[in-house]
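A quick write-up on the structure given underneath.
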Amino acid sequence: MEKEKREGEAERLIETGNVVTAGKGGRLHCLSIIGQVEGHYLLGDNQKTTKYEHILPLLMAIEESEEVDGLLVLLNTMGGDVEAGLAIAEMIASMTKPTVSLVLGGGHSIGIPLAVAAKRSFIVPSATMTVHPVRINGLVIGVTQSFNHFRAMQGRITRFICEHSSIDEQTLSRLLVNSDDMAGDVGSILDGEEAVRVGLIDAVGGLSDAIAALKEMKEANA
């Protein structure tokens, strides 16, 4: 039985990038959100993706499980489907269990709501976060209704970020329309310390800091 359990955990790690660990901090579920967040449309086989239809029920199972004491979300994502990413972020934000996010490499675009959704957020010094307005691929009908839809979608993302981090709406809006950082585009690229300074992320730190924060929250809830 023990061998089958280990094999099952290894298979889950290979397939989904998820693993449950047991240590001094309790039983922690590590969830990886990497590559591009895949939404309603399938992406190519040569792209690394995080499928939201896998993540949503997994988050529900973590919240209900008596064997999991906290959730660590590892982020290295280029962004992806806006509705799918926001759905995952809302699920994480509504969890009652201790949650911590750690940005490694990048937490770009819709990865920003995913990072701030946790109760505590960390970013390594070398990681970056790209803040830019909502983008839509494919055919867009250039009418007032389309622009109103983009504006409303951006408004939902902005509200979520401001409600779950320390950044204010004025600062975030300035970062969104900055024309100095990105060639041929608007937005801002923030490194770890800059992301903390503007209030997007709580602290610069690494894996040990994230685990320590989870342990601290677990003990506070005991």
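Count residues from 1 along the sequence.
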H108 NE2 to L190 CG distance, which is reported to the nearest 0.5 Å: 10.5 Å

Tell me whether M78 at atom CE has more than 12 heavy atoms from other residues, nucleotides or ligands lying less than 6.0 Å away. no

Could you walk me through whether L200 and V131 satisfy the side-chain contact (heavy atoms from CB on, under 4.5 Å) test, starting with their C-alpha distance in whole Å, then the side-chain angles of each, then the deciding distance to 0.1 Å, before giving a yes or no? CA-CA 10 Å; L200 269 181; V131 186; 4.1 Å; yes

Could you state whether F160 and L114 fall into the same hydrophobic cluster, counting links through intermediate Ile, Leu, Val, Met, Phe, Trp or Tyr residues with side-chain heavy atoms under 4.5 angstrom apart? yes

Rounded to the nearest 0.5 Å, how far does CG of N178 lie from CG of D180? 5.0 Å

Correct closest heavy-atom pair for E38 and A84 would be O-CB, 3.9 Å

Any side-chain heavy-atom pair of V73 and V100 under 4.5 Å: no

Does the pair F122 and L207 meet the rule for a side-chain contact (heavy atoms from CB on, under 4.5 Å), with working shown? CA-CA 9 Å; F122 292 89; L207 182 60; over 6 Å; no

In Å and rounded to the nearest 0.5 Å, what is the CZ to OG1 distance from R197 to T171? 11.5 Å

Can you list the residues that meet the side-chain contact (heavy atoms from CB on, under 4.5 Å) rule with V177, with sequence neighbours excluded? none

Do Q154 side-chain atoms and V134 backbone N/O form a donor-acceptor pair below 3.5 Å? yes

Please determine whether residues I157 and V186 belong to a single hydrophobic cluster, defined as Ile, Leu, Val, Met, Phe, Trp and Tyr linked transitively by side-chain heavy-atom distances below 4.5 Å. no

Quick one: CG on L102 to OG on S121, what's the gap to the nearest 0.5 Å? 10.0 Å

State the CG-OG distance between N76 and S32, to the nearest 0.5 angstrom. 9.5 Å

Closest contact, heavy atoms only, A213 versus R120: CB-NH1, 4.1 Å

L75, L58: one ILVMFWY side-chain cluster at the under-4.5 Å cut-off? yes

Any heavy-atom pair between the side chains of L175 and I167 that's under 4.5 Å? yes

Looking only at heavy atoms, which two atoms of A127 and V103 are closest? And how far apart? CB-O, 3.7 Å

Is there any side chain to side chain donor-acceptor pair (under 3.5 Å) pair reaching into residues 88-107, and which pairs are they, with sequence neighbours excluded? E63-T96

Counting only N and O atoms by type, is there a donor-acceptor contact under 3.5 Å from the side chain of D191 to the main-chain atoms of T128? no

Measuring from atom CD1 of I161 to atom CD1 of I110, what distance do you get when rounded to the nearest 0.5 angstrom? 7.0 Å

Hits for ring-ring contact (aromatic ring centres under 6.0 Å, His included) against H132, two or more places apart or cross-chain, chain-then-number order -> none

Nearest non-hydrogen partners of D181 and I189, listed with the distance: OD2-N, 3.1 Å

With side-chain contact (heavy atoms from CB on, under 4.5 Å) as the criterion, how do I34 and T50 come out once you've worked through the C-alpha distance, each side chain's angles and the decisive distance to 0.1 Å? CA-CA 6 Å; I34 60 173; T50 297; 4.2 Å; yes

All heavy atoms of L59 vs all of M95, minimum pair found to be O-CE, 3.9 Å

Evaluate the side-chain contact (heavy atoms from CB on, under 4.5 Å) criterion for residues V37 and I55: first the C-alpha distance (whole Å), next the side-chain angles of each, then the deciding distance (0.1 Å), finally the verdict. CA-CA 10 Å; V37 178; I55 302 299; over 6 Å; no

Here the pair of heavy atoms bringing I123 nearest to A195 is CD1-CB, 4.3 Å

